[in-house]
Amino acid sequence: MPEDVDDAAEAGPPLEAPVELTLDILRHSAAHLMAAAVCELFPGTQYDVGPSIEDGFFYNFLLPEDRHLTDGDLVAIEARMGQLVKRHVPYQREVLPRDEARRLFDGMGQEFKVAIIDRLAPDVSSVSVYRTGDFVDLCRGPHVPDSGVLRAVKLLRVAGVYWRGDERNPQLQRVYGTAWFSPADLDAYLERIAEAERRDHRRLGRELELFHLDDTAPGMPYWLPNGVIVLNELLSFSRREHRARGYKEIIAPLINDKRLWETSGHWDHYRENMFIVPVDEQTSYGVKPMNCPNAHVVYNLRRHSYRELPLRYLQLDTLHRFERSGTLHGLLRVRKFQQDDAHVFVTEEQIEAEYDRILEITDHFYRIFGLDYSFRLGTRPDDFIGDIETWDRAEGALLRILERRAGAGGFTVDPGEGAFYGPKVDILMKDAIGRSWQTGTIQLDFQLPRRFGCEYIDASGQARTPVVIHRAIYGSFERFLGVLIEHFAGQLPLWLAAVQVEVVPVQDDVEAVMDCARSVVERLEAAELRAAVSDSPGNRMQARIRDAELRKVPYVVVVGKRDVERGDDVVTLRDTRRGGTEQRSVPDLIALLADEVASRRPS
RNA sequence: GCCGACGUAGCUCAGUGGUAGAGCAGCGGUUUCGUAAACCGCUGGCCGGGAGUUCGAAUCUCCCCGUCGGCUCCA
């Protein structure tokens with residue numbers, strides 16, 4: 001949890017003198033310098049914690065008299081920091097007895113620091129403080145010798161943060177900055193950010209006409225013709241692969257009487273994330289945020305034998321979740337989405353083997369795109385249903401499976417991050433600027449089958465309760481596609497590309513050339529390739545090629561008078577992803593592209 | 001939901017109290033050209049919505065909606 005990390009940076013037994021200058025030390029020192037500047041400019045500021053983080057640092061502040069920092073203030077703070085850098089202000093370390101340090105910060109009215117000291121382990125008897133000019137901070141260090149080395153620092157943004165990461169607490173303001181050894185490193189970092197912006201799926205989604213997010217439907221994407229092709233390719237791939245692995249697809253209602261949600265527990269544990277539809281005075285329907293309750297309804301339509309298990313229901317229905325307005329983010333955080341979701345009913349003995357099958361699907365699905373992913377185990381949350389003993393059993397099973405499949409260091413554990421009905425293994429991926437997003441999830445559930453009264457008859461004729469595995473491999477197609485677009489910078493693998501080949505005529509007023517172009521397209525289409533004649537009458541060939549490149553069409557075929565006159569059925573193929581052109585006969589071209597589509601190669 | 005920023009033509013943006021602009025896209029015309037932009041012309045805006053201040057508001061104030069960066073929450 002962030003606040004624990006923060007505390008560790010601030011306090012604890014003093015660390016011994018530093019060795020060599022690292023970026024971590026530099027950034028931590030930059031955080032101190034920023035706090036010093038803020039305290040000079042806004043006397044009475046309380047400062048909380050200020051660690052180094054990936055690519056930079058932050059510091060949390062509470063300004064006096066309800067003042068709030070704005071972007072304009074950052075300019076002034078940065079200028080003040082610049083003056084302190086020029087003065088080579090030393091970072092002076094002092095070790096104080098714990099109670100003396102407490103008195104020091106208490107006397108300055110620094111309540112956050114006092115609270116940190118009070119949270120220290122009982123056996124910590126002394127702490128260190130660092131002085132930078134008039135600024136003094138509780139801190140384990142180590143630090144730079146003086147502020148003169150902080151030559152490449154830039155403040156980036158201000159954000160509101162809840163004290164100790166809890167939204168019931170008052171909100172502080174956090175200033176983020178970045179710091180590097182040299183101005184050249186800083187420039188390289190800023191260039192990296194700019195490159196990430198060029199890959200942003202929201203920008204590419206608009207440019208490539210994949211999807212649209214309208215003001216009247218926040219978080220609920222419109223899929224445009226190009227996007228529908230990509231989405232449908234992923235859907236049919238998912239259907240085919242799951243069918244081959246024994247999954248049966250079902251389709252269920254989008255809204256159900258709230259009684260269903262009361263049975264599942266969603267009414268009590270998930271309602272704030274649901275769209276509720278009032279139907280009449282007595283009745284409310286809930287728009288489904290998850291597929292699981294309906295899978296249980298289908299399971300209960302008849303008696304089941306142990307021989308039928310595992311019973312695997314694939315559910316690709318549309319889901320709606322009422323996410324808080326400030327959390328929406330392009331396709332990566334939406335309110336309307338579809339998952340490659342499934343619910344697998346198993347006996348307790350079948351859990352491990354079924355997890356193995358699911359993890360194999362996972363590897364298959366991600367390897368196709370050459371994507372790196374990682375696992376995270378989420379354990380029992382505060383707001384859970386069922387009994388602790390069952391939870392422990394479920395968590396123990398997942399832990400064993402993960403250790404066997406991923407190795408002891410191959411996953412992380414996030415305490416309290418499980419679903420309300422069971423622990424889960426999440427699959428994590430990163431977007432263009434390195435933010436982590438959960439895509440797939442494999443959840444183990446002993447609770448819902450009980451709540452729905454699900455049963456199967458075992459070999460001895462006894463009725464038993466099955467266990468359910470909730471699993472989505474890509475997670476939501478929306479989020480997965482968002483990550484995919486950023487991963488490929490818009491240049492999707494051929495099998496997903498909306499237009500796979502565009503045929504460009506050199507002369508669009510020569511009927512024989514246009515006939516040839518149309519005929520090539522027809523032959524490509526007959527081979528189930530998505531092809532089109534470039535459509536911009538009067539434009540020169542170069543402009544048409546550029547247009548196709550900008551729309552990230554993977555292949556461009558050029559035909560002109562010379563090809564028609566030669567009459568040998570050979571055209572020029574341009575590969576827009578790898579660059580370069582080559583001559584190919586049309587049958588050869590079709591075979592080449594059909595093979596690339598079938599292989600699903602990333603490029 | 002909270003903190004900060006932002007919202008001007010389909011897109012990218014300029015305009016900060018005095019008659020709404022540019023490039024690209026689109027449309028019309030000329031050009032038919034061999035691997036990333038031919039040329040000329042034209043159209044296009046309740047300046048996110050509402051209220052207020054002012055002789056006068058894209059510009060200042062307030063409220064609402066949405067977007068962006070964080071926080072919290074999460075696929």
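Order of the sequence lines fixes the chain letters, A, B, ..., with proteins taken first and strands second; residue numbering starts at 1 for each chain.
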Sorted by number, residues from residues 203-224 of chain A placing a heavy atom under 4.0 Å from RNA chain B are A/Arg206, A/Asp215, A/Pro218

May A/Phe337 be described as stacking on the base of B/rA75, applying a 5.5 Å centroid limit and a 30° limit on plane angle? yes

Can you name the atoms? Protein N/O to nucleotides 26-29 of chain B N/O, anything below 3.5 Å, with the distance.
none

Pairing partner of B/rU59, by Watson-Crick or G-U wobble and under 3.5 Å for both distances, is none

Side-chain atoms of A/Ala159 come closest, of B/rG4, B/rA75, B/rG70, to B/rG70

Per atom distances to the A/Tyr176 side chain, the nearest of B/rU32, B/rU35, B/rC71 is B/rC71

If pairing means Watson-Crick or G-U wobble with both distances under 3.5 Å, then the partner of B/rU53 is none

note: A/Arg544, atom CZ; B/rU32, atom P; distance rounded to Å ~ 14 Å

Per the under-4.0 Å heavy-atom filter, residues of residues 318-331 of chain A near RNA chain B come out as A/Arg321, A/Glu323, A/Arg324, A/Ser325, A/Gly326, A/Thr327, A/Leu328, A/His329, A/Gly330

Of the listed B/rG4, B/rG69, B/rC74, the closest approach to the A/Arg202 side chain comes from B/rG69

Note to self: Whether A/Glu502 and A/Arg546 form a salt bridge (side-chain N of Lys/Arg under 4.0 Å from carboxylate O of Asp/Glu) is what I want to check.
What the structure shows: no

A/Arg574 has its side chain closest, among B/rA75, B/rA36, B/rA38, to B/rA36

